[in-house]
Amino acid sequence: MQVAVVTFDGFNELDSLIASALINRCRKDGLEAFITTPAPVVTSMNGVEVTGQRPMEFVTEAEVVLIGSGVKTRDVVADDRLISRLVLDPSRQLIGAQCSGALMLARLGLLDGMPACTDMKTRPFVEACDVTVLDAPFHAEGNIATAGGCLASQYLATWVITRALGEDAATGVIDYVAPVGENQETVERALRAVRPGAAALR
């Protein structure tokens with residue numbers, strides 16, 4: 001199962017890189033994430049240059065698509081050319097968005113009637129799209145999920161791993177990366193966040 005972690009110029013490193021790194025701990029089980037970019041190289045909000053592993057067109061073949069956030073998300077949403085390259089199908093793909101990535105899901109019509117999570121700065125723009133924003137770090141309905149707050153990227157990764165490989169696999173990953181001495185509470189918090197929307201993908 002391949003995961004496209006969609007990453008634009010101005011991206012937030014905590015969104016794209018945490019989700020990608022956690023998911024890639026499951027490579028041996030056939031779950032692999034790729035930084036997917038509209039250009040060969042993108043630059044983060046803090047000036048970190050990252051070379052894309054897959055072009056934007058990879059989103060059409062990936063089984064999972066995660067859209068990261070960044071300081072230029074509203075520019076991306078307004079760019080018809082860029083948005084047209086995001087051809088997504090929630091009937092056969094898991095689709096998640098981090099923080100301002102919820103704006104892209106709204107633009108694509110994927111949040112119709114569904115509440116979403118996002119960051120505080122993006123909240124008014126998502127609400128302007130007639131989407132109810134929850135005071136929660138994570139929400140999923142069916143094959144669509146949104147996360148709010150940079151460190152909620154761990155919940156998106158937990159959701160993907162749980163949907164693809166089950167809770168035991170997600171537990172193993174989160175337990176490994178948890179702060180020492182906080183393993184159990186970190187695992188329990190992550191699973192509790194995603195459990196309502198994490199029915200096994202079959």
Side-chain angles (χ1 to χ4, degrees), residues 1-8 11-12 15-16 18-20 22-23 26 31 33-36 56-70 73-74 76-77 82-119 122-123 125-167 169-170 190-202:
M1 181 175 284
Q2 299 183 106
V3 182
V5 181
V6 180
T7 304
F8 295 97
F11 73 94
N12 185 323
D15 297 348
S16 294
I18 288 177
S20 179
L22 292 179
I23 291 167
C26 297
L31 182 64
F34 301 91
I35 299 297
T36 302
M56 190 63 68
E57 288 68 29
F58 176 63
V59 300
T60 62
E61 63 182 89
E63 288 85 3
V64 182
V65 178
L66 299 182
I67 301 174
S69 73
T73 300
R74 279 185 284 159
V76 173
V77 169
L82 268 181
I83 287 293
S84 69
R85 298 173 71 183
L86 280 173
V87 181
L88 308 181
D89 182 359
S91 71
R92 64 174 184 82
Q93 294 175 305
L94 295 182
I95 300 169
Q98 176 73 39
C99 292
S100 61
L103 276 176
M104 291 189 223
L105 296 192
R107 168 73 195 275
L108 293 167
L110 297 176
L111 295 178
D112 187 26
M114 174 182 169
C117 300
T118 190
D119 62 277
T122 306
R123 180 171 188 152
F125 301 102
V126 174
E127 290 177 332
C129 297
D130 293 324
V131 174
T132 299
V133 174
L134 303 173
D135 289 317
F138 180 87
H139 178 73
E141 292 184 14
N143 286 349
I144 297 177
T146 53
C150 300
L151 294 181
S153 53
Q154 65 181 298
Y155 298 149
L156 270 182
T158 300
W159 177 70
V160 170
I161 297 167
T162 301
R163 289 289 305 265
L165 301 173
E167 281 194 4
L191 292 179
R192 186 169 59 247
V194 308
R195 213 167 252 146
L201 176 63
R202 293 293 182 265

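Along the sequence shown, the residues carry numbers beginning at 1.
- Annotation for Ile35 and Ser16: closest pair CD1-O, 4.0 Å, computed over non-hydrogen atoms.
- Considering CG of Leu134 and CE of Met114, their distance stands at 8.5 Å, rounded to 0.5 Å.
- Annotation: the span from Thr118 atom OG1 to Glu127 atom CD amounts to 9.5 Å, rounded to 0.5 Å.
- Contact annotation: the side chain of Arg163 never approaches that of Val64 to less than 4.5 Å [non-hydrogen atoms, C-beta and beyond].
- Rounded to the nearest 0.5 angstrom, Glu61 CD and Gln93 CD are separated by 10.0 Å.
- At a threshold of 4.5 Å between non-hydrogen side-chain atoms, the residues His139 and Thr132 do not count as touching.
- Environment of CZ in Arg74: sparse, with no more than 12 heavy atoms of neighbouring residues, nucleotides or ligands closer than 6.0 Å.
- Closest approach of Cys129 and Leu103 over heavy atoms only: SG-CD2, 4.2 Å.
- Atom OG1 of Thr36 and atom CZ of Arg85 lie 11.0 Å apart (nearest 0.5 Å).
- Using a 4.5 Å cut-off on side-chain heavy atoms (C-beta onward), Asn143 and Ile95 make no contact.
- When side chains are defined from C-beta on, Arg192 does not count as touching Tyr155, because their heavy atoms never get closer than 4.5 Å.
- Looking at residues two or more places apart in sequence or on another chain, you find no ring pair (Phe, Tyr, Trp, His ring centres under 6.0 Å) involving Phe125.
- Counting heavy atoms from C-beta on, the side chains of Val87 and Leu108 never come closer than 4.5 Å.
- Contact between Pro137 and Ala152 at its shortest, heavy atoms only, is O-CB, 3.6 Å.
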Exercise for the section: Let me see the working for Leu82 and Phe8 under side-chain contact (heavy atoms from CB on, under 4.5 Å), right down to the final yes or no. Expected result: CA-CA 10 Å; Leu82 268 181; Phe8 295 97; 4.2 Å; yes

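- The shortest side-chain heavy-atom distance between Asp119 and Ser100 falls under the 4.5 Å cut-off.
- In this structure, Val131 and Pro115 have side chains that are not in contact, with every pair of non-hydrogen atoms separated by 4.5 Å or more.
- Here the rule is side chain to side chain donor-acceptor pair (under 3.5 Å) with Ser69, and of Asp15, Thr7, Asn12 only Asp15 fits it.
- By the 4.5 Å heavy-atom criterion applied to side chains, Leu66 and Gln98 are not counted as neighbours.
- Scanning all heavy atoms of the two residues, the minimum distance from Ala170 to Thr162 falls at CB-OG1, 3.3 Å.
- Rounding to the nearest 0.5 angstrom, the gap separating the CD atom in Glu141 from the CG atom in Leu111 is 9.5 Å.
- Between Asp89 atom CG and Glu63 atom CD the span is 12.0 Å, to the nearest 0.5 Å.
- In terms of heavy-atom proximity, Cys117 sits nearest to Thr146 at N-OG1, 2.8 Å.
- Scanning both residues, Ala140 and Trp159, for their nearest heavy atoms gives CB-NE1, 3.7 Å.
- No option in Val6, Ile144, Ile67 other than Ile67 meets the side-chain contact (heavy atoms from CB on, under 4.5 Å) test with Leu88.
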